[in-house]
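A, B, ... follow the sequence lines: proteins, then strands. Residue 1 opens every chain.
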Amino acid sequence: MASPGERDRENDKDRDREMHSGYRGYVNLHEPPNSRLFLVVSRSTTERELREMFDKFGEIQDILSVKDKFTKEAKGVAYVKYGKSSQACRAMEELNGKSLSDGKPMKVLIAQSRSSSCGRDVEDEDLTRIFVMIPKSFTEEDLKSNFQEFGDIEYCRIQRDKVSGEGKGYGYVRYMRPSQAALAIENSDRRFRAILAEPKYRLNPNPQGDWHQPPESMHANFGYDPCFQGVPPIFKNMGPKTLPLPHFDDFGCHPGPPLSNLTSDDSLDFSRWLSVTMDPCITREQLTALFGLIPGLDFCDAQKDVINSCRLGYVRYNNPASAIYAKEKLNQFEYPPGSPMMIHFAKDVEAATSGENPLRLMALQLVTAQVMAEVSSHFTDRAQPGRGQMVQPQMMQSTQQTRHANGDFETSFTTARLPPKQPLAPMNTPMKERLFVVCSSSAPPPPEALTNAFCRFGNLIEIYMLPSKSYGYAKYADESSAKAAIEALHGQEVCGVRLKVLPADPPKEEARKRKHTV
DNA sequence: CGACGGGACGC
DNA sequence: CGACGGGACGC
């Protein structure tokens with residue numbers, strides 16, 4: 001076995017050689033992991049033939065048929081590099097064993113780097129299990145409902161404390177096929193931090209022989225967020241869902257309503273928007289049907305909130321009166337029974353739409369008795385489209401909902417003038433600039449709201465708040481993006497919380513990470 | 001005023 | 001059995 005030094009040097013040589021590639025430019029053959037295939041083919045197989053077979057699974061970044069250095073004779077092996085591991089895995093699953101033009105079967109494996117020895121074939125179990133960080137309150141069902149959209153799950157496992165039964169904050173998901181695990185790693189919410197699980201027997205125990213345990217603070221990113229930990233009991237154990245594929249933008253943000261660039265003059269316009277926190281089984285069509293009972297609906301969308309196991313709807317009316325009326329009548333409406341919807345305005349107009357204020361009174365006047373009767377009849381007569389039985393809405397339910405513990409989803413509203421959303425930089429991108437973010441209130445905005453705001457300057461790697469603190473950090477992969485964030489967001493409000501945004505001091509010099517007795 | 005998160009499975 | 005080509009960029 002090579003010494004660590006030799007290994008490093010060997011890896012460097014690999015990288016030097018392999019960064020150089022064909023006319024498409026530089027391709028790092030090891031990035032992302034498991035995105036390159038090793039093929040055993042016939043000596044007569046051409047690159048062209050391989051290209052035709054393999055480009056169905058993704059854009060081929062690099063292809064090579066290995067030839068003898070001197071005789072130029074094909075050796076019957078080849079490499080195919082894709083941009084994504086899921087593409088390579090799919091190609092392996094579909095093409096391994098398939099016949100070539102001469103009738104001989106080909107082998108397709110995940111390629112290994114020169115300095116590594118073992119190959120991974122389509123049967124390799126190491127490619128089908130992922131390791132994920134989750135809230136302690138997660139059940140196996142929660143795990144399943146969040147990861148089944150990526151493929152056929154063999155099992156979900158959650159580690160728990162044996163005495164208290166409390167989750168330890170992580171779990172495992174085993175898929176049937178490598179490409180499914182790869183899709184989960186590529187596309188699941190970043191806060192899960194999904195990675196391929198190391199096979200148990202290959203994990204290194206530390207010198208003391210006990211297993212490394214995650215520190216308590218590991219759960220911080222989930223734990224501080226009331227939205228994350230406080231999944232209402234009614235949302236749990238809802239059983240298998242038949243949700244349409246959730247529609248996230250490229251970086252796991254809820255697209256949300258078009259907002260930003262809010263000025264005080266926009267409050268009237270804002271009062272047309274409602275956000276709805278509701279049961280995950282409700283589809284966009286059902287939401288549209290329900291809110292469409294009130295005239296003036298001109299926009300309706302529903303997003304799955306992966307982390308919260310609930311569903312987030314956005315509704316807009318063409319006039320404030322309809323919105324006010326909809327909130328008045330449908331807030332706390334149990335749909336399905338046992339799952340009250342929670343409806344909110346933008347914070348900015350909450351005060352302006354309650355009590356004796358003229359706008360509200362006007363709205364309630366404008367809505368005719370006829371409309372009200374129509375709404376009521378729908379609620380009582382129509383069969384509930386999803387599941388269970390439709391119930392009478394609690395028409396007179398008070399709308400004075402206090403700042404509820406879990407459902408504050410008016411996450412996208414800000415006083416800042418913001419450019420459009422941009423994709424996040426991959427988690428492993430080197431950080432160029434770190435910002436220190438302080439919130440005026442001890443309860444910071446939900447993470448998705450912060451991500452929504454801070455992603456808009458590009459190259460945001462991550463923003464997080466420290467648990468039970470009013471501050472946190474935003475990491476950027478680019479200085480000018482970070483600068484633009486300061487420019488646009490310092491002193492502004494997100495979700496009613498005023499932010500300070502400034503360059504962070506370098507991280508505290510922690511005494512070297514080492515075992516305290518060594 | 002407001003300064004620091006980081007991953008593993010009882011056999 | 002079946003494991004690696006060609007050669008840019010900017011200092």
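For A/Arg434, there are no salt bridge (Lys or Arg N to Asp or Glu O under 4.0 Å) partners at least two apart in sequence or on another chain.
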Would A/Glu94 and A/Arg90 satisfy salt bridge (charged side-chain N to carboxylate O under 4.0 Å, His left out), going step by step from the backbone distance to the final call?
-> CA-CA 6 Å; A/Glu94 298 300 321; A/Arg90 274 279 290 156; 2.8 Å; yes
Taking it one step at a time, do A/Arg160 and A/Glu140 satisfy salt bridge (charged side-chain N to carboxylate O under 4.0 Å, His left out)?
-> CA-CA 11 Å; A/Arg160 292 202 166 75; A/Glu140 277 81 358; 3.1 Å; yes
Checking ring-ring contact (aromatic ring centres under 6.0 Å, His included) for the pair A/Phe57/A/Tyr82: CA distance, chi angles, key distance, verdict?
-> CA-CA 9 Å; A/Phe57 302 95; A/Tyr82 291 98; 7.3 Å; no
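OP1 or OP2 of B/dC4 lies within a sub-4.0 Å distance of a side-chain N or O belonging to A/Tyr471. A/Gln159 has a side-chain polar atom (N or O) that falls below the 4.0 Å cut-off from OP1 or OP2 of B/dG10. At the phosphate of C/dC4, OP1 or OP2 sits under 4.0 Å from a side-chain N or O atom of A/Lys75.
Using a 4.0 Å heavy-atom distance criterion, A/Arg434 is classed as a base contact. Among the atoms of the strands shown, none is found under 4.0 Å from any heavy atom of A/Ala78. At the heavy-atom level, A/Arg129 lies under 4.0 Å from base atoms of the strands shown. Residue A/Val132 is classed as a base contact, given a heavy-atom separation below 4.0 Å to a base. Nucleic acid contact class of A/Lys67 (heavy atoms, under 4.0 Å, all strands): none.
Minimum heavy-atom separation, A/Thr429 to A/Ala477: CG2-CB, 3.4 Å.
For the pair A/Leu435 CG and B/dA3 P, the interatomic distance rounds to 17 Å; values are reported in whole Å. Following rounding to the nearest Å, A/Leu39 (CG) and C/dC4 (P) show an atom-to-atom distance of 14 Å. Whole-Å rounding puts the A/Lys168 NZ to B/dC9 C1' distance at 8 Å. In this structure, OH of A/Tyr79 is placed 13 Å from P of C/dG2, rounded to the nearest angstrom. What separates CE of A/Met465 from C1' of B/dA3 is a distance of 12 Å, to the nearest Å. Note: CG (A/Asp505) to P (B/dC4) measures 10 Å, nearest angstrom. To the nearest angstrom, P of C/dA3 lies 11 Å from NZ of A/Lys107. Rounded to a whole Å, the CD atom of A/Glu462 is 13 Å from the P atom of B/dG7.
For DNA chain C, none of the residues of residues 80-95 of chain A falls under the heavy-atom distance limit of 4.0 Å.
The aromatic ring of A/Tyr170 is not stacked on the base of B/dA8, since the criterion of ring centres less than 5.5 Å apart with planes inclined by under 30° is not met. Residue-nucleotide stacking is not present for A/Phe436 and B/dG2, judged by a side-chain ring centre under 5.5 Å from the six-membered base ring centre and planes under 30° apart.
For the pair A/Ile130 and A/Tyr175, the minimum side-chain heavy-atom distance is below 4.5 Å.
Between A/Phe131 and A/Tyr170, the gap from one ring centroid to the other is short of 6.0 Å.
Annotation: of the two residues near DNA chain B, A/Lys475 and A/Val438, the 5′-most nearest-nucleotide partner is A/Val438. Between A/Leu64 and A/Val77, the residue anchored nearer the 5' end of DNA chain C, judged by the nucleotide with its closest heavy atom, is A/Val77.
Out of C/dG2, B/dG10, C/dG5, the shortest distance to the side chain of A/Lys162 is found at B/dG10. Between B/dC4, C/dG2, B/dA8, one nucleotide has an atom nearer to the side chain of A/Val40 than all others, and that is C/dG2. For A/Ser470, counting side-chain heavy atoms from C-beta on, the closest listed nucleotide (B/dC4, B/dG2, C/dA3) is B/dG2.
Each of A/Gln87, A/Gln61, A/Glu31 was evaluated against A/Lys81; a single residue qualifies, A/Gln61, per the side-chain hydrogen bond (donor to acceptor under 3.5 Å, both in side chains) test.
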